[in-house]
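Here's the structure, in structure tokens; my notes come after.
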Amino acid sequence: MTEKEMIKMSIEEFSRVQDWMMMSEKESEVYQSLKKRYLDLKVILTSSGVSLTEIDRVKE
């Protein structure tokens, strides 16, 4: 997998995770689990040079 493919996959997953977070109650275990992956993806994308300004809708 190339770096561009990894970044594309991470952006797509980041979008899906945010959608699921917005559909979940913040106090739920599901939300807390999604939040962990959301934070992981933020680190991956940021370290890959992706600006999250436009794509981070949750902003936690």
Considering only heavy atoms from C-beta outward, does the side chain of [X] approach that of [Y] to under 4.5 Å?
X	Y	value
Ile44	Met6	yes
Lys59	Leu52	no
Tyr38	Asp56	yes
Gln18	Met22	yes

_Glu3 atom CD: more than 12 heavy-atom contacts under 6.0 Å_ =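 No, because the 6.0 Å sphere around CD of Glu3 holds 12 heavy atoms or fewer from other groups.
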
_Heavy-atom count check: over 12 atoms from other residues, nucleotides or ligands less than 6.0 Å from Glu5 CD?_
yes

*asked:* Distance check, rounded to the nearest 0.5 Å: Gln32 atom CD versus Ser24 atom OG?
replied: 10.0 Å

*When rounded to the nearest 0.5 angstrom, what is the spacing between CE in Met21 and OG in Ser33?*
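These two atoms lie 10.0 Å from each other.
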
*Does the side chain to side chain contact (heavy atoms under 4.5 Å, CB included) test come out yes or no for Glu12 and Arg16, once each step is laid out?*
CA-CA 6 Å; Glu12 290 168 346; Arg16 282 191 301 272; 3.9 Å; yes

*Sequence neighbours left out, what passes side-chain contact (heavy atoms from CB on, under 4.5 Å) with Glu27? Give chain and number order.*
Glu25

*Only one of Ile11, Val17, Val50 passes side chain to side chain contact (heavy atoms under 4.5 Å, CB included) with Leu41; say which it is.*
Val17

*Say whether Ile55 and Met23 are linked into one hydrophobic cluster, either directly or through other cluster members, by side-chain heavy-atom distances under 4.5 angstrom.*
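Yes.
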
_For residues Phe14 and Met1: do they belong to one hydrophobic cluster (side chain heavy atoms under 4.5 Å, members Ile, Leu, Val, Met, Phe, Trp, Tyr)?_
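In one cluster: yes.
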
*asked:* Once side chain to side chain donor-acceptor pair (under 3.5 Å) is applied, do any residues pair with Arg37, and if so which ones, sequence neighbours excluded?
replied: Glu13

